Amino acid sequence: FTVNSAFFIAPADWWDDTVYLDGYEKLGWGIGEEFRYVPSENAYGWFHGYFIKQKSDDRKRWDFTWTHLQKVRKGWTFTADLNLLSDSDFPREYQRDYNQSTISGTDSRIFLTRNRGPYAFNLRAERRLQYFTQGHDLIQSALPGVEFRSSLQPLFAGLYGGFETSAAYLHKEWGDQELGHTQLASPIKHAVSYGRVDLHPFAERPFHPAPWLDLIPRLDLRATEYGESLNPDMGAGQRGYLNPGTGVYDGGSLLRAYAK
């Protein structure tokens, strides 16, 4: 059997808190908390966490969620959305919200943004975890990333232009149980890291040949550069690159497919 309880308090206008205490006949006691806050007109957020140490196998299982939005000084905006789990089965077995009981992955993001006129500058950190079979989970992260962009603005002779540019350090981890044609008993962990710089200028020129007709030809240019990364199957100092078109690591005579 299962016993669920919740205790709610709201001692002030700007925050409230709910504490959960659940008893499971075969698993023991789990404790959770949901805290919501609005300390000022420029900041608000909420936190949710849950933890249980299962007495059946001493396994520690948990989830953690934090969302926060805040306007800081000089036009900067801070946004955080963190979602972490001990394992993919946790929501199905312990989540109170049945809409979230089945998930295929978690996304966590932190942004620091400033907008000024047509320009926007963004610092970001991102992490995505996709759940597959045991040991085959895929982790992708951008730590850190920088974006600078401009919306369309007048240039000359009726021409409008803008740009999007970004730079990031990317990291990827995954598991693989196949080595050549051999099926392994447990997955081998792989990882690859590389840098990426992207530049995307664009321009357009509106034409109005008739009151009922608008023609807007547009020109887009894009250049993307991928940095070198170290192939774990090669010796130190032997480097190659990740081909963005094929997803294949080109390391000379040794090739490794990183696109999983």
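Keep in mind that what you see is a predicted model, and the values were worked out from it rather than measured.
- Between Pro91 and Leu85, some side-chain heavy-atom pair lies under the 4.5 Å cut-off.
- Considering every non-hydrogen atom in both Leu170 and Ala142, the closest pair reads CD2-CB, 3.7 Å.
- Other residues, nucleotides and ligands place no more than 12 heavy atoms under 6.0 Å from the CZ atom of Arg36.
- Atom-to-atom distance recorded for Gln54:CD and Lys60:NZ is 12.5 Å, nearest 0.5 angstrom.
- Side chains of Asn122 and Phe148 form no contact here, defined as non-hydrogen atoms less than 4.5 Å apart.
- For the pair Trp29/Val3, no side-chain contact is recorded, criterion being any heavy-atom separation below 4.5 Å from C-beta on.
- The two residues His208 and Asp214 come nearest to each other via the heavy atoms ND1-OD1, 2.6 Å.
- Salt bridge status for Arg124 with Glu147: present, with a side-chain N to carboxylate O gap under 4.0 Å.
- Side-chain contact between Trp46 and Glu34 is present, with heavy atoms from C-beta onward closer than 4.5 Å.
- Note that the CH2 atom of Trp66 and the CZ atom of Phe47 stand 11.0 Å from one another [nearest 0.5 Å].
- Atom CG of Asp57 has more than 12 neighbouring heavy atoms from other residues, nucleotides or ligands inside a 6.0 Å radius.
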Quick one: do Phe7 and Thr18 satisfy side chain to side chain contact (heavy atoms under 4.5 Å, CB included)? Show the steps, please.
-> CA-CA 5 Å; Phe7 177 69; Thr18 304; over 6 Å; no
For side-chain hydrogen bond (donor to acceptor under 3.5 Å, both in side chains), just list the numbers for Tyr37 and His68, CA-CA rounded to whole Å, side-chain angles, deciding distance to a tenth of an Å, and then say yes or no.
-> CA-CA 9 Å; Tyr37 57 91; His68 181 86; 2.7 Å; yes
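- Look at Arg59 and Asp87 and you find a salt bridge, because one of the NZ, NE, NH1 or NH2 atoms lies within 4.0 Å of a carboxylate O, short of that distance.
- Note that NZ of Lys74 is 10.5 Å distant from CH2 of Trp76, once rounded to the nearest 0.5 Å.
- Taking a 6.0 Å sphere around OH of Tyr44, one finds it holds 12 or fewer heavy atoms contributed by other residues, nucleotides or ligands.
- Considering all non-hydrogen atoms of both residues, Tyr20 and Ala6 come closest at CD2-CB, 3.7 Å.
- With hydrophobic clusters built from ILVMFWY side chains whose heavy atoms lie under 4.5 angstrom apart, Phe111 does not share a cluster with Phe121.
- To the nearest 0.5 Å, the span separating OG on Ser86 from CH2 on Trp62 amounts to 6.0 Å.
- Note: Thr77 OG1 to Leu69 CG = 9.0 Å, rounded to the nearest 0.5 Å.
- Put simply, the side chain of Phe78 reaches to within 4.5 Å of the side chain of Ile110, judged on heavy atoms.
- With hydrogens and angles ignored, the 3.5 Å screen pairs a side-chain donor or acceptor of Thr165 with a backbone N or O of Asp198.
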Check the pair Asp17 / Glu33 against side chain to side chain contact (heavy atoms under 4.5 Å, CB included), numbers first and verdict last.
-> CA-CA 7 Å; Asp17 192 29; Glu33 183 178 13; 2.8 Å; yes
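- We find the CG-CZ distance between Leu221 and Phe163 to be 14.0 Å, quoted to the nearest 0.5 Å.
- In Arg116, the CZ atom is not crowded: 12 or fewer heavy atoms of neighbouring residues, nucleotides or ligands sit closer than 6.0 Å.
- At most 12 non-hydrogen atoms from other residues, nucleotides or ligands lie less than 6.0 angstrom from CD of Glu225.
- A single hydrophobic cluster is seen to contain both Phe51 and Phe64, as judged by linkage of ILVMFWY side chains at heavy-atom distances under 4.5 Å, directly or through other members.
- For CD of Glu25, the number of neighbouring non-hydrogen atoms (other residues, nucleotides, ligands) closer than 6.0 Å is greater than 12.
- Side chain of Ser108 to backbone of Asn83: a donor-acceptor contact under 3.5 angstrom is found.
- Between Gln140 and Gln130 there is a side-chain heavy-atom pair separated by less than 4.5 Å.
- Proximity of Lys172 to Arg128: side-chain heavy atoms (C-beta onward) are nowhere separated by under 4.5 Å.
- Val72 and Val38 fall into different hydrophobic clusters, defined by Ile, Leu, Val, Met, Phe, Trp and Tyr side-chain heavy atoms under 4.5 Å apart, directly or through other members.
- Taking the centre and axis of the six-membered ring of Phe202, the NZ or CZ atom of Arg218 falls inside the cone set by 45° and 6.0 Å.
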Step-by-step side chain to side chain contact (heavy atoms under 4.5 Å, CB included) determination, Ile9 to Trp15 | CA-CA 9 Å; Ile9 58 172; Trp15 70 274; 4.2 Å; yes
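- A salt bridge is absent between Asp107 and Arg127; no separation between the charged side-chain nitrogens and carboxylate oxygens falls under 4.0 Å.
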Could you give me the CA-CA distance, side-chain angles and deciding distance for Ser193 and His171, then say whether side-chain hydrogen bond (donor to acceptor under 3.5 Å, both in side chains) is met?
-> CA-CA 4 Å; Ser193 300; His171 181 75; 2.6 Å; yes
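- Annotation for Phe156: atom CZ does not count as buried by contact number, only 12 or fewer foreign heavy atoms lying within 6.0 Å.
- Shown here for Asp81 and Thr67, the closest heavy-atom pair between the two residues is OD1-OG1, 3.3 Å.
- Between the side chain of Asp63 and the backbone N or O of Tyr50, at least one donor-acceptor pair lies under 3.5 Å.
- Here the closest non-hydrogen pair linking Leu159 and Ala203 is CD1-CB, 4.3 Å.
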Check step by step if side chain to side chain contact (heavy atoms under 4.5 Å, CB included) holds for Arg109 and Thr79.
-> CA-CA 8 Å; Arg109 306 178 182 91; Thr79 304; over 6 Å; no
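- Residues Ser5 and Leu21 come closest through the heavy atom pair OG-O, 2.6 Å.
- Residues Val19 and Ile52 fall into different hydrophobic clusters, defined by Ile, Leu, Val, Met, Phe, Trp and Tyr side chains chained together at heavy-atom separations under 4.5 Å.
- With contacts defined as side-chain heavy-atom distances shorter than 4.5 Å, the pair Leu82/Thr65 does not qualify.
- When hydrophobic clusters are built by joining Ile, Leu, Val, Met, Phe, Trp and Tyr residues whose side-chain heavy atoms come closer than 4.5 Å, directly or via intermediates, Leu152 is not grouped with Phe207.
- The main-chain N or O of Ala157 is found under 3.5 Å from a side-chain atom of Arg205 such that the two form a donor-acceptor pair.
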